[in-house]
Amino acid sequence: MHSAPARTHDPMCMGCGHANPGNLGVRVWFEGQRVHGEVLLDERHSGAPGYAHGGAIAAIMDDLLGQVLIPLDRPGVTATITVDFRGPALLGRTLSLESWCEKIDGRKLHMRGEIRDGDTLVAEARALFIHVDVSHWEASGQPLPESWQGWGGEAQNA
Ligand SMILES: CCCCCCCCCCCCCCCC(=O)SCCNC(=O)CCNC(=O)[C@H](O)C(C)(C)COP(=O)(O)OP(=O)(O)OC[C@H]1O[C@@H](n2cnc3c(N)ncnc32)[C@H](O)[C@@H]1OP(=O)(O)O
C-alpha cells in the first residue's frame, strides 16, 4: 500500500519539482521506507538519437536516491554517488524506478537504486548521503518548503 509522506520535496527540483517547467518528470511514491517511481524521457534528454543522455540518468538517480530521505525522515545531501550504466536507456519508454536505504551509520546514509525498462536493468546506483540539519539550506536566503519545518533537528555538526 502506498503511504503519503509527511514531507515533500522542493517544488522547483529539477528532477521531480511540479513547479519546474524543465523538470525531468520523475514521479515517485512510497511503500514503507522504499521509493518506487517512473520517468518518461524524450528528445530533450537525448544523448544519441533515441537514447537518453547519461547525465540525465545520473540526475534521475540523485533525485531517486534522495527521495529515500523522506520516508527515513532525515534531511540530507548527496556526498557521493556512483552510477553504473547497465543497459540502453531508450527515449519514449516509461522507465521504472526503485530506491532504498541499505545501511545507516550515524549521519551516513547508504542508498541504493535501480532504473529498469521492463525486465532490463538500465542503471544502478549507490550513494552516500549525509544527514544534515535543515539549517544547512538557510544560507541561500530562499524560503524553505513549509513541510521541512522542524525536520531532522537532531543532526550533529551539520
Ligand atoms: C537538495 C537536497 C534536499 C534534501 C532534502 C530532502 C528532500 C528529499 C528529496 C531529495 C531529492 C533530491 C536529491 C538531490 C540531493 C542533492 O543533490 S544534494 C546537493 C549536492 N550535495 C551537496 O551540495 C553536498 C555538499 N557537501 C556538503 O555540504 C558537505 O560536504 C557535507 C556532505 C554536508 C558533509 O560535510 P559535514 O557536515 O561537515 O560532515 P563531514 O564531517 O565532512 O562528513 C561526515 C562524514 O561523512 C564522510 N564524508 C563526507 N563526504 C564524503 C564523501 N564525498 N565521500 C565519502 N565520505 C564522505 C566524512 O568522511 C565523515 O565521515 P566520519 O569522519 O564521520 O567517519
Side-chain angles (χ1 to χ4, degrees), residues 1-41 44-45 47 52-86 89 94-116 122-158:
M1 199 170 93
H2 301 173
S3 42
R7 320 284 180 184
T8 54
H9 194 203
D10 177 5
M12 283 303 291
C13 172
M14 73 169 262
C16 62
H18 61 82
N20 185 341
N23 75 53
L24 289 165
V26 173
R27 222 174 56 76
V28 298
W29 54 93
F30 304 92
E31 285 182 23
Q33 293 203 330
R34 236 170 155 89
V35 179
H36 297 270
E38 57 186 28
V39 69
L40 173 64
L41 298 177
R44 293 169 301 159
H45 314 112
H53 196 292
I57 296 294
I60 290 165
M61 282 295 198
D62 191 25
D63 195 34
L64 174 66
L65 275 59
Q67 297 286 346
V68 182
L69 297 166
I70 291 176
L72 283 183
D73 205 21
R74 293 178 194 225
V77 287
T78 325
T80 180
I81 184 164
T82 302
V83 180
D84 294 309
F85 299 91
R86 299 294 191 195
T94 299
L95 304 175
S96 58
L97 314 174
E98 189 168 2
S99 59
W100 63 94
C101 181
E102 189 172 53
K103 192 171 87 169
I104 298 178
D105 175 16
R107 292 177 59 211
K108 297 178 191 172
L109 311 169
H110 299 265
M111 311 295 202
R112 293 194 56 184
E114 294 177 351
I115 300 179
R116 291 180 183 273
V122 167
E124 54 189 339
R126 291 169 186 273
L128 173 68
F129 280 72
I130 303 295
H131 178 34
V132 296
D133 189 89
V134 178
S135 60
H136 175 91
W137 289 283
E138 280 170 1
S140 77
Q142 302 271 334
L144 296 177
E146 224 171 83
S147 77
W148 291 16
Q149 298 301 323
W151 193 17
E154 74 281 8
Q156 298 299 306
N157 311 315

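In each ligand, atom 1 is the first atom listed, and ligand 1 is the first ligand listed. Keep in mind that the numbers below use all heavy atoms, side chains included, and drop hydrogens, waters and symmetry copies. These numbers were taken from a predicted model, which means no experiment stands behind them.
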- Task: Indicate, as side chain, backbone, both or neither, the part of Ile130 found under 4.0 angstrom from ligand 1 when only non-hydrogen atoms are considered.
- Result: side chain

- Counting heavy atoms under 4.0 Å, the part of Leu128 that contacts ligand 1 is side chain

- Considering only heavy atoms, which of Gly76, Pro71, Gly15 lies nearest to atom 4 (C) of ligand 1? Gly76

- Item | Contact atoms of ligand 1, heavy-atom distance to Gly66 under 4.0 Å | 8 (C), 9 (C), 10 (C), 11 (C), 13 (C)

- Query: In this structure, which one of Val26, Asp63, Thr8 forms a side chain to side chain contact (heavy atoms under 4.5 Å, CB included) with Cys13?
  - Reply: Asp63

- Query: Below 4.5 Å, heavy atoms only, C-beta onward: do Pro75 and His131 meet side chain to side chain?
  - Reply: yes

- Message: So does Gly17 get a backbone contact from the side chain of Asn23, meaning a donor-acceptor N/O pair under 3.5 Å?
- Response: yes

- Report yes if Trp148 has an N/O atom closer than 3.5 Å to an N/O atom of ligand 1; otherwise report no. no

- Message: I want to confirm something. Looking only at heavy atoms, which of Arg107, His9, Arg74 is nearest to atom 7 (C) of ligand 1?
- Response: His9

- Task: Report yes if the side chains of Val122 and Arg86 come closer than 4.5 Å at any heavy-atom pair, otherwise no.
- Result: no

- Message: I'd like the name of whichever of Phe129, Trp137, Trp151 reaches closest to atom 6 (C) of ligand 1 through any heavy atom.
- Response: Trp151

- Item | Separation of Arg126 CZ from Thr80 OG1 (nearest 0.5 Å) | 12.0 Å

- Any side-chain heavy atom of Leu97 within less than 4.5 Å of one from Trp29? no

- Atom indices of ligand 1 within 4.0 angstrom of Val132 heavy atoms, with elements: 33 (C)

- Using a 4.5 Å cut-off on heavy atoms from C-beta on, say whether the side chain of Val28 contacts that of Ile70. no

- Task: May I ask you to identify, for Pro75, whether its side chain, its backbone, both or neither come under 4.0 Å of ligand 1 on a heavy-atom basis?
- Result: neither

- Query: Nearest to atom 52 (C) of ligand 1 by heavy atom, Ala79, Ala59, Gly106, Cys16: which?
  - Reply: Ala79

- Item | Atom indices of ligand 1 within 4.0 angstrom of His136 heavy atoms, with elements | 28 (O)

- List the steps, then state whether side-chain contact (heavy atoms from CB on, under 4.5 Å) holds for His53 with His45. CA-CA 6 Å; His53 196 292; His45 314 112; 5.6 Å; no

- Item | Which segment of Ile70 sits under 4.0 Å of ligand 1 when only heavy atoms are counted | side chain

- Query: Backbone N or O of Glu98 within a donor-acceptor pair of the Arg112 side chain at under 3.5 Å?
  - Reply: no

- Residue part near ligand 1, for Lys108, under 4.0 Å between non-hydrogen atoms: side chain

